[in-house]
Amino acid sequence: MGAERVLPRKVLLGVTGGIAAYKTPVLVRALVKAGAEVQVVMTAAAHDFVSPLVLSTLSKRPVLTEMVDRAPGTATWNDHVHLARWADLILIAPATANTLAKMAHGLCDDLLLACWLSAECPVYVAPAMDLEMYRNAVTRRNIELLKGRGVTMIGPDEGELASGLVGEGRMTEPEAITGQLIDAVMGRSNLAGVKMLITAGPTHEAIDPVRFIGNRSSGKMGFALAEEAAARGAEVELITGPVELTTNHSGIRRTDVTSAAEMAVAAKERFPDTAVAILSAAVADWRPAQVSDTKMKKQDRLSALELEPTEDILAWMGGEKKGQLLVGFALETANELRNAEGKLVKKNLDLIVLNSLNDPGAGFGYDTNKVTLIDTDKNATELPLLSKADVAIAILDRVEKLLTHAK
Ligand code: CTP
């Protein structure tokens, strides 16, 4: 399973002189892994940030920089017209403010710019620069000019910048760039532009200021779903309990919560505006009925903890849904299929993902998972043990089919 997503294309990768160039070896690997032939063309400034030897080794092609390569007694012309014709697509990553400005105004003082000016293939650009440079009206105008000429911008993302500032300007991560190229080349997913709500991770239910009731959920499954949905162009609202995970994709808006009650508030608020909701969080079913404001002491001699139920967010959505596609998870240890089918009906779901804790390598904390997808016709599709990224692909492939049928 995990439909192979490949990029059967010749990619001319332009690398310009920004600190984010240090990520381009990973980008070349990701592109090659996705099936692309990669020809790297670097600007002279890029040589300060990444070694051409690394890029030529990974791309298995000599890296080009100069219009004319001069060796003692010879000179070889690197034919920009031929290179531009060879490429099925041009990707410039990172693209500095300087290169964007030159592109926008037709300057052509190096091999990369000559290739781009000669190109008739699609051009994708991943800008990377500091916050102020990106915000500068001149840069914004140059980006708009390029977009107007059919250049597609990938990112930049928000985050910590090399200067230490935090904001927009970070180059989109290599895997996300590759994912977006795959989507663009392979045709638009019907999740493109779809508003999606995903819950992830555990919840922590406070007993006192230092103690809580929690569970072992790592959030990895929910985050894999969010990354894959965003790579397909969905606008993802990710509501997560306490986890040790990060997200990179600009299509993901993350809200961090702690308790089931906080998750319920955030999820209910977003639900009316959602087309697809996937609830993968391991929400606590119970919370302490009383939360102590101060740390409970040993001598308090607590002999029992009174618990009260939390609100079932998924069941609430099942009752409220008006056309939304609703996907739930079920974690079962006995009578798995029957229990999961029961939850599908009771919570008014369109699809339920049955997680079995009985399978080695599946469930909380692992990078792999083994699930069965059950739909409203009670068709059960058992998937093999897969990486959580591949499980996310399989779930979203199914969601895409359900959306198509719903139309
Ligand atoms: N869920 C939820 N809110 C809760 C509890 C669960 O949204 N308060 C969602 C989970 O995110 C998951 C699904 O409900 O998608 C299944 O949760 P699970 O705990 O397996 O099932 P329950 O209905 O709580 O039943 P039980 O614990 O008895 O198996």
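Throughout, numbering of the chain's residues begins at 1 and tracks the sequence. First listed ligand is number 1; within each ligand, the first listed atom is number 1. Fair warning: this is a prediction, and the values are worked out from it, not measured in the lab. Worth knowing before you read on, the calculation uses all heavy atoms, side chains too, and leaves out hydrogens, waters and symmetry mates.
For the pair Lys295 and Pro209, the tightest heavy-atom approach, listed with the atom from each and the gap, is N-CD, 3.8 Å.
Within 4.0 Å of ligand 1, protein heavy atoms come from Leu279, Ala281, Val283, Ala284, Asp285, Thr310, Glu311, Asp312, Ile313, Leu314, Gly328, Phe329, Ala330, Leu331, Lys343, Lys347.
The existence of a salt bridge linking Glu237 and Lys195 is excluded, since no basic side-chain nitrogen approaches an acidic carboxylate oxygen closer than 4.0 Å.
Counting only distance, with no hydrogens or angles, the side chain of Asp130 and the backbone of Met133 share no donor-acceptor pair below 3.5 Å.
The shortest distance between side-chain heavy atoms of Val327 and Asp350 does not fall below 4.5 Å.
For residues 331-347, the set of pairs meeting the side-chain hydrogen bond (donor to acceptor under 3.5 Å, both in side chains) definition, not counting sequence neighbours, comprises Asp312-Lys347, Glu332-Asn339, Glu332-Lys343, Glu336-Ser356, Glu336-Asn358.
The distance from the CD1 atom of Ile239 to the CD atom of Glu269 is 8.5 Å, given to the nearest 0.5 Å.
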